[in-house]
Amino acid sequence: MTDIIQLLPDHVANQIAAGEVVQRPASVVKELMENAIDAGASTIKLIIKDAGKTLVHVIDDGKGMSVTDARLSFERHATSKIRSADDLFQLHTKGFRGEALASIAAIAHVELKTKQDHEEVGTCIEIEGSTIVSQEVIVTPKGTSIAVKNLFFNIPARRNFLKSNTVELRHIIDEFHRVALAHPNISFNLFNNGSDVFNLPSSNYRQRIVNIFGTKTNEKLVPVDEDTEVLKISGFVGKPEFAKKTRGEQYFFVNDRFIKSAYLNHAISSAFDGLLKNGTHPSYFLNLTVNPQTIDINIHPTKTEIKFDDEHTLYALLRSAVKHSLGQFNIAPVLDFDRDATLDTPYSYKDNGASIPKIEVDRSFNPFKEGDAGLGKQTTSFKRQTQATSHWDGLYVGLESKGNDSPEDFSEMYFESEESSSSLFDDENEMDKVQTTHQIHSKYIVSAIKSGMLVMDQHRAHQRILYEEFLQNMTIKEGASQQLLFPLQLHFTPQELVLIEQLKTDLQRTGFVFSNISEASVEIIGVPVSVPESEVSIILEQLISDVENEVPDSHFSATDLLAKSMAKSLAIKTGQTLKKDEQEHLVNRLFACKEPNVSPTNRKTFITMSVDELDKKFI
Ligand code: ADP
Ligand code: MG
């Protein structure tokens, strides 16, 4: 019998380990930045070239390494951070596995320069695919600089698997945000291809968020603070009216480590219950501090998921802390408006008939007489009334705030309800007319055709129609534009503005007119005829997220993407009731399209069923 098992050589084992640790340039960014933090740095610079494919370079002013440590740091399972398995439950550092540098050095060209504070000179080590190619004594400032070049140079398959620069840069910026948000007291810089993308001075948490996401963010933040024995919560949630269609700004940090948790995310969503428009997600930036002994970080390769001893309690505490903040800052009642207020009537009031409000007129009141008590009397009686009802959970506080703060939302709400009721009536009136189309479940439109029956998906069909229309506007003729009464000022982060600049020409062809694109905002004075003003920010937000997340390099066509994205945002949604003429119009327009069969994302727009097929069903 021959033995067939062999120990893998180190460089092969390292490459395998690298597969877990390093998925893309952003993973290198994360590992290097975390090492810099563990080294006690107060300033960390990140320099990127070609979205990290050519270079990821992190420079810190932390404690540096001795010559021996510099050498050892590239060995697998070499770490200064834990000594025994018990330490895994006492973690105060980001790293502990001693794998990152070994993994990175296995699949890239790495140059390490490091010097400890008390030393005169430092060490420079160059290593390529796990092989040390040089080691020198050098003059270098205190701290560590690690440059990782030509990632995956020896694994072409992995290199080819990388996404476009836009997508990879997005991942890098995400990691950068996560680390920078967890450590507002450390100053961070990010340079991409020589330009300064982020310059974040040491600051408090609110300022850090604002420095990253733009000055407009400040007014959106509601502080959350809760200190209990098991859990300390601090940070901010975004006001519900600023909730986004995309899940961008959702951050949990547990003991200064960014983590993903669908369960805790649910706790936040449920705290926002009833406050958000459908399909929008709240922003949050929350720091949870727990006893390190009550969590296990060692359950996931990238340490972004952790196991809590008592998740249920955390859930409940988090939910109530967020709810409390939303209530305290008078945000909750504002949105209670979207619900049927009668359902909220406290039980004890349920059977009391509504009393007609009385207007007390003080006939002796003389407005020209100075110091007349009449006015005072009225005010006090009003005050007393509010006090008496104040235990109605502030139900009617919403009336005032809604009216004051966001008149637009108000009108929108009425518009929506008017629309749905009127279309309902139309349907009833038309019951006895000849019907060519019929809408079912506010989703499909059914129509009789020569051969039998057609069932059309209203959302997908409308996407196809809009897509072809936008595409035509962009490529053949200019789309008509409607001028806005007041310029629309929209705020974006610097990297979002870079994308808008790139797409500007195409956007203009669809009918957008920009009067000014500055460092932090965009001013729009005209929009395509088919685009309601209220949708503009959602369209651009969706567009940016589509560009950043979905497009691999090879098929990238800005025009096509823009048309798809706008069609997606503007198409009639599932759940929308359509009037008869709207239904017919939709069917006719779909069949006037070049490719009516599929939506822009290649999904069926309609199906047909012949009379024969129907007949068979009745056998
Ligand atoms: P881990 O962080 O899990 O310990 P790494 O492979 O990331 O493993 O790093 C190995 C060791 O190298 C660390 O434990 C630390 O002692 C040292 N090291 C890495 N980066 C730095 C740095 N920027 N400054 C000082 N020491 C560092
Ligand atoms: Mg590390």
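In each ligand, atom 1 is the first atom listed, and ligand 1 is the first ligand listed. It should be emphasised that the depicted structure is a prediction, and the values quoted were computed from it without experimental measurement.
At the top of the distance list for atom 10 (C) of ligand 1, counting protein heavy atoms only, stands Ala78 O, 3.4 Å. Atom 22 (C) of ligand 1 has Thr144 OG1, 3.7 Å as its closest protein atom, hydrogens excluded (heavy atom only). Looking only at heavy atoms of the protein, atom 7 (O) of ligand 1 is closest to Asn35 ND2, 2.8 Å. Looking at atom 12 (O) of ligand 1, its nearest protein heavy atom turns out to be Ser73 CB, 3.3 Å. When only non-hydrogen protein atoms are considered, atom 3 (O) of ligand 1 lies nearest to Gly98 N, 2.8 Å. Of all protein heavy atoms, the one lying nearest to atom 4 (O) of ligand 1 is Thr79 OG1, 2.6 Å. Shortest contact from atom 25 (C) of ligand 1 to any protein heavy atom: Ala39 CB, 3.6 Å. Taking atom 16 (O) of ligand 1 as the reference point, the nearest protein heavy-atom neighbour is Ser80 OG, 2.5 Å.
The aromatic rings of Phe258 and Tyr251 sit perpendicular, their planes meeting at an angle over 60°, well past the 30° parallel limit. Ring geometry, Tyr284 versus Phe252: the interplanar angle falls from 30° to 60°, so the pair is classed tilted. Taking the six-membered ring where the residue is Trp, Phe153 and His109 present tilted rings, their angle falling between 30° and 60°.
At a heavy-atom cutoff of 4.0 Å, ligand 1 is contacted by both the backbone and the side chain of Ala100.
Considering backbone and side-chain N/O of Ile146, none are found under 3.5 Å from N/O of ligand 1. Residue contacts with ligand 1: Glu31 is placed with no nitrogen or oxygen under 3.5 Å of a nitrogen or oxygen of the ligand (distance criterion only). Every N/O-N/O distance between Asp38 and ligand 1 stays at or above 3.5 Å. Backbone and side-chain nitrogen or oxygen atoms of Leu101 are examined, and one is located within less than 3.5 angstrom of a nitrogen or oxygen of ligand 1. For a threshold of 3.5 Å applied to N or O pairs, the pair formed by Asp60 and ligand 1 contains at least one separation below that value.
The aromatic ring centres of Phe213 and His177 sit less than 6.0 Å apart. Separation of the Phe285 and Tyr205 ring centroids does not fall under the 6.0 Å cut-off. Aromatic ring centres of Tyr315 and Tyr263: separated by under 6.0 Å.
In this structure a side-chain-to-backbone donor-acceptor pair under 3.5 Å is present from Ser27 to Gln23. A distance-only check finds a donor-acceptor pair linking the side chain of Asp61 to the backbone of Ser42 [under 3.5 Å].
If you check each of Lys81, Met65, Glu99, Arg76 against atom 17 (C) of ligand 1, the one with the closest non-hydrogen atom is Met65.
Distances from the Mg ion (ligand 2) show that Thr79 has no N/O/S atom below 2.8 Å.
With hydrogens and angles left out, the side-chain atoms of Ser134 and Glu126 include a donor and acceptor closer than 3.5 Å.
Considering Thr217, Asn218, Asn211 as possible partners of Arg206, the one that fulfils the side-chain hydrogen bond (donor to acceptor under 3.5 Å, both in side chains) test is Asn218.
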